[in-house]
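Here is the structure we will look at, set down as structure tokens.
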Amino acid sequence: MKTFKKNWEHFETESKLYDLWEKSGYFKPEINPDGKPFVIAIPPPNVTGKLHIGHAYGTTLQDLMIRYHRLLGDASLYIPGMDHAGIATQTVVDKKLRKDGINKNELGREKFVEEVWKWKEEYGGKILEQLRAIGASCDWDRERFTLDEGLSSAVREAFVHLYKKDLIYRGEYIVNWCPKCGTAIADDEVEHETQKAKLYYFKYDKNFPITIATTRPETKFGDTAVAVNPGDERYKELIDKEFETDLDGVKRTIKVIADRAVDKEFGTGAVGVTPSHSMIDWKMAEDHGLPKVKVINEYGKMTAEAGKYEGMKVLEAREKLVEYLKSADLLEKETDIENNLSICYRCSSAIEPLPSLQWFVKMKPLAEKAKAAVKSGEIEIIPKRFEKVYFHWLDNIRDWCISRQLWWGHRIPVYYRNSSDKLKVESQKFNEEDIYVGDNPPEGYIQDSDVLDTWFSSGLWPFSTLGWPDETPDFEKFYPTTVMETGYDIIFFWVARMIMMGLELTGKIPFKTVYLHGLVRDEQNRKMSKSLGNVLDPLDLIAKYGTDALRMALIVGSTPGQDVAVGESKIKGYRNFTNKIWNASRFVSLRVTDGDLQSGELGEAKITDLNIDEKLLTPADKKILDSHKSIKSKVASHIDKFQFSLAGEELYEYFWHEFCDEYIEATKDQLSADSYQLVANTKKILIKILKESLVLMHPYVPFVTDAVWQELREFVPGLADSIMISNWPK
RNA sequence: GCGCCCAUAGCUCAGUUGGUUAGAGCGCUACAUUGACAUUGUAGAGGUCAGAGGUUCAAGUCCUCUUGGGCGCACCA
């Protein structure tokens, strides 16, 4: 026999084992050709950088399920891939180029996109290596990228389908514009941050009868109405009256309207309505038929509609206007308030709501189906409480702005006759013959310059990765996928949209179960952040304690939808556990094979099979066999119910304390007994229990269990080449 | 404003159809250990399960309220 090393040396062993697995083809579902499919499509990590510990957490959960089902004999497929992450990646590469003194606009679109591809090749490769280090048993031959050829054609197909069904439209609507990113973003991509602000009370001019209150005076150049609550006695007589106003030279007709959205208690109870620069005012303008005046442009500067303020940045215009209001004695007072500032989820700069010509997806019809799929139980969300969050979002859904003024992404498959830009600035009522939607534009048509929201392509992920829209054998066999394992923070961005797109485009649910994990926090339960300096790099931890230890630490003690606290001491504890597995195995190996080992014989007890003689069982034997029997069913039942922590905890307790501390201690006497039969029986039990326990633990700690398995193969007959492809013990 | 989660040992957390004496890891105390493993073992201390009320033969678990902490959605003129 080989000599078992004294300690489990993860560093030398893990990557070698992984290479071996990958080369052997054990990650392919074809190793269980007759098994029923079990499929997980990885949530594709962004190509923006390297993976953090949250990725390690998700990947571990996914890989655990895949390995368990592979052992059960299912055709288990773990589809790897990455997301091009439009806005995020474009920003990162732009920043890098600027550092090198290169301006994106001088470079031009084509060259810039080339630069992003270079970035993708470099960082994408690193990410894939990280996934391997975590032990992800993905079928790498099926790896996909959201911007690869197949997925691009899926995106075009999806767009055309939705367009033809009248579920995609173009129009000029108020959108969330990020002046820094230079693009529109979706409602869901807007975050809020409380800030201190000044609330200014003033009149447009001396003749106007109502004082309004606002935190953004500069937008008031675009006011076309003042809204009051219909029940407000103070303004009752003014409702429906119109006034000619002059705000520092900008003349408007302002109508007083009544709208229930107005809070009587806030400010003066009268709101200056700025249809072009406030979401709610836009809606009021639609309801009341008010004109819309755009006074802020895409660069965050005042337009000609702001008179002499034209060209000023928003904040500058605000200062100057307040000065004017003071000097003209129009400012009644200013107060300090706290309000919420809308910021961009990517760059955190202030969002400027403004009207813009964009593409939208009609969400209501899609949302109904998505709701029904979960209501009926066809799709199960774990933990169940997130169903409520999901329904709430779907019930209040608004149309989804899908065009982005970026270069990196799926270019919108729409072509215009003669010019793309001309049509964009003209009315949304374009002639049908001037527009072409699809793959083969007629001569002289120019493609829309915008790209699609990155979530449009990720929304297709569960089926586009399997070959859709072609009816490939993979699509036939593996779709719908089985489990969607991802973080609860992207339930709207991603999960809900996959369900909507899947139902609409394939007519089927994209997956049966949604398992949502929480955030990984530090030992004191704080969010990990660079500024706190408490960020844990999974690769460092893996180098120090081993992948298996990290995997155990992430899974045991964590429950779905709940954040999990992980620090080095926890990981260290599970490193000790992996060493325990190694050493207990070493004990078994040494004791079982001591004496002369002939082929087919295990030590001097002449073991030629693993049949246990029931009549010879000692109380210790009976106890451990009982526990062993029950741990097998408990672990399977927990994993089947997605209770990964419980199964892991029980395995830990069983293996360390029942098997090592109790049974192995007991065998020390039994193995030195005079009766060869008893010694042989004990050895058989040791082998049987160790062998099966390794399989039970393999989904959690894949490396050490296979390393031991390889040692066992030296003296135990009939073991599979790798524990990965052995069978779950019944 | 609407909704969700959390509160269990010093710390971080499990405890999923309500059911013996409420568990784990880390930490702590004492002892052991040339032994498969000090990346160890044995023993132990430590909890009115946030508070109050209710349902029940039985409540950490279900219901109502209160307090404290966190989060989501909407609004934010």
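Below, read A as the first sequence line, B as the second, and so on, with proteins coming before strands; counting in each chain starts at 1. The figures that follow rest on heavy atoms only: side chains count, while hydrogens, waters and symmetry mates do not.
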Q: Check every atom of B:rA77, B:rG25, B:rA14 against the side chain of A:Val262 and return the nucleotide holding the closest atom.
A: B:rA77
Q.
Just N and O in the side chain of A:Lys641: are any of them under 4.0 Å from OP1 or OP2 of B:rU16?
A. no
Q | A:Ser645 side-chain proximity, nearest of B:rA36, B:rA14, B:rU16 | A | B:rA14
(Q) Please confirm whether the shortest side-chain N or O distance from A:Ser278 to OP1 or OP2 of B:rA77 is below 4.0 Å. (A) no
Q. Contact class for A:Thr215 (heavy atom, under 4.0 Å): base, sugar-phosphate, or nothing?
A. sugar-phosphate
Q: Tell me which nucleotide among B:rG41, B:rC75, B:rA36 gets nearest to the side chain of A:Asp661.
A: B:rG41
(Q) Can you identify which nucleotide, out of B:rA14, B:rU42, B:rG72, has its nearest atom closest to the A:Glu649 side chain? (A) B:rA14
Q.
Which nucleotide wins on minimum distance to the side chain of A:Arg521, given the candidates B:rA36, B:rU12, B:rG70?
A. B:rG70
Q. Quick check: does any side chain N or O of A:Asn396 sit under 3.5 Å from a backbone N or O of A:His392, one acting as donor and the other as acceptor?
A. yes
Q. Which nucleotide in the list B:rA77, B:rC26, B:rC5 gets nearest to the side chain of A:Ser569?
A. B:rC26
Q. Between the base of B:rC2 and the side chain of A:His392, is there a donor-acceptor distance below 3.5 Å?
A. no
Q) Taking side chain as C-beta onward, heavy atoms only, is A:Leu541 less than 4.5 Å from A:Leu536? A) yes
(Q) If we count only N and O atoms by modelled type, under 3.5 Å, do the side chains of A:His10 and A:Asp548 hold a donor and an acceptor together? (A) no
Q. According to a strict under-4.0 Å criterion, is A:Lys570 in side-chain N/O contact with OP1 or OP2 of B:rU12?
A. no
**Q.** Whether A:Trp656 and A:Tyr652 hold their rings parallel, tilted or perpendicular, with breakpoints at 30° and 60°
**A.** tilted
Q | A:Arg398 vs B:rA74: side-chain N/O to OP1/OP2 distance below 4.0 Å | A | yes
**Q.** Given B:rU16, B:rU39, B:rA77, the nucleotide with the shortest approach to the side chain of A:Lys220
**A.** B:rA77
Q.
Tell me the interatomic distance from A:Asp563, atom CG, to B:rA7, atom C1', rounded to whole angstroms.
A. 15 Å
Q: Test ring pair (Phe, Tyr, Trp, His ring centres under 6.0 Å) on A:Phe644 and A:Tyr515 and set out the steps.
A: CA-CA 11 Å; A:Phe644 308 117; A:Tyr515 181 99; 5.4 Å; yes
Q: Classify the nucleic acid contact of A:Tyr652 as base, sugar-phosphate or nothing, counting any heavy atom under 4.0 Å across all strands shown.
A: sugar-phosphate
Q.
Looking at A:Lys283, I'd like to know if its NZ atom is crowded, meaning that more than 12 non-hydrogen atoms belonging to other residues, nucleotides or ligands lie closer than 6.0 Å.
A. no
Q.
Wobble G-U and Watson-Crick pairs count when both distances are under 3.5 Å; given that, what is the 5' to 3' dot-bracket string of RNA chain B, with | for pairing to other strands?
A. (((((((..((((.....[...)))).(((((.......))))).....(((((..]....))))))))))))....
Q: Look at A:Asn396 and B:rC73 and indicate whether a side-chain polar atom (N or O) is within less than 4.0 Å of OP1 or OP2.
A: no
Q: Respond yes when some side-chain nitrogen or oxygen of A:Asn7 is under 4.0 Å from OP1 or OP2 of B:rC37, and no when none is.
A: no
Q. How are the rings of A:Phe655 and A:Phe659 set relative to one another: parallel (under 30°), tilted (30 to 60°) or perpendicular (over 60°)?
A. tilted
Q: Taking only the side-chain nitrogens and oxygens of A:Thr214, find out if one of them lies under 4.0 Å from OP1 or OP2 of B:rA77.
A: no
(Q) Of the listed nucleotides (B:rU12, B:rC73, B:rC37), which one gets closest to any side-chain atom of A:Phe492? (A) B:rC73
Q | Over-ring placement of A:Arg575 relative to A:Trp8, 6.0 Å and 45° cut-offs | A | no
Q. Is A:Lys5 near enough to B:rC37 that one of its side-chain N or O atoms lies under 4.0 angstrom from OP1 or OP2?
A. no
**Q.** Base B:rC37 paired with A:Lys580 side chain (donor-acceptor, <3.5 Å)
**A.** yes
